[in-house]
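Shown next, in structure tokens, is the structure this report addresses.
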Amino acid sequence: MSINGQAYFHVMKDINRPFIIVGQRSTVEVLGTSFDFLSNGSDEMVNVTSGKVAFYSNSNSVNKSILTKGKTGSMKLNG
């Protein structure tokens, strides 16, 4: 799924069908959770309300940040 704007998700873990959100420069890979994602053209941000997600740059999927309940990840979009 690709998104431009803001959306709230509550997703159950399904190993056979991973739920992945692609922003302009970042990706959120759901690991069974509830979270809010914002992509507004200058920033991208994920705020985890339960469970955990992997948050990473579209250009570097090796360096993933694992975020858990109450944690926020953000990325500035530079050009």
Side-chain angles (χ1 to χ4, degrees):
M1 167 184 265
S2 179
I3 188 168
N4 182 16
Q6 184 171 1
Y8 179 79
F9 299 89
H10 180 88
V11 182
M12 301 301 291
K13 183 175 182 177
D14 185 341
I15 295 172
N16 296 319
R17 295 181 301 163
F19 191 82
I20 298 172
I21 305 226
V22 179
Q24 293 177 39
R25 297 255 170 93
S26 67
T27 297
V28 178
E29 184 177 337
V30 175
L31 307 172
T33 188
S34 299
F35 64 97
D36 184 55
F37 181 71
L38 168 70
S39 178
N40 66 11
S42 63
D43 300 296
E44 291 187 351
M45 182 180 77
V46 60
N47 178 38
V48 181
T49 56
S50 70
K52 63 183 174 180
V53 301
F55 183 62
Y56 51 94
S57 168
N58 290 345
S59 64
N60 187 352
S61 63
V62 174
N63 294 324
K64 297 180 181 182
S65 293
I66 304 299
L67 304 173
T68 57
K69 180 180 178 178
K71 301 295 182 187
T72 299
S74 64
M75 189 174 299
K76 290 279 187 198
L77 306 179
N78 298 324

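Computed from a predicted model, the values in this text were never measured in an experiment.
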Over all heavy atoms of both residues, which pair between [X] and [Y] is shortest? Give the atoms and the distance, please.
{"X": "Phe55", "Y": "Glu44", "value": "CZ-O, 4.3 Å"}
{"X": "Asp36", "Y": "Ala7", "value": "OD1-O, 3.3 Å"}
{"X": "Gly23", "Y": "Phe37", "value": "CA-CZ, 4.2 Å"}
{"X": "Val28", "Y": "Phe35", "value": "CG1-CE1, 4.0 Å"}
{"X": "Gln24", "Y": "Asn4", "value": "NE2-OD1, 3.9 Å"}
{"X": "Ser42", "Y": "Asn40", "value": "N-OD1, 3.0 Å"}

Validation row: Ile21, Val46 side chains within 4.5 angstrom (heavy atoms):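 No; the side chains remain at least 4.5 Å from each other.
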field: Candidate list Thr27, Asn47, Val48, Ile20, test side chain to side chain contact (heavy atoms under 4.5 Å, CB included), partner Val53, passing option
entry: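 For Val53, the side chain to side chain contact (heavy atoms under 4.5 Å, CB included) check succeeds only for Val48.
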query: Does a sphere of radius 6.0 Å around NZ in Lys64 hold more than 12 heavy atoms from other residues, nucleotides or ligands, not counting ones at 6.0 Å or beyond?
result: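 Enclosed: over 12 neighbouring heavy atoms sit under 6.0 Å from NZ of Lys64.
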- prompt: Taking atom CE of Met45 and atom CD of Gln6, what is their separation to the nearest 0.5 Å?
  reply: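 If we round to the nearest 0.5 Å, Met45:CE and Gln6:CD are 6.5 Å apart.
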query: How long is the span from the CZ atom in Phe9 to the OG1 atom in Thr49, to the nearest 0.5 Å?
result: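 Rounded to the nearest 0.5 Å, the CZ-OG1 separation comes to 12.0 Å.
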query: So Asn58 and Val22, side-chain contact (heavy atoms from CB on, under 4.5 Å) or not? Walk me through it.
result: CA-CA 8 Å; Asn58 290 345; Val22 179; 3.7 Å; yes
message: Do Leu38 and Leu67 sit in one hydrophobic cluster, given that two such residues count as connected whenever their side-chain heavy atoms are within less than 4.5 Å of each other, even indirectly?
response: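 No.
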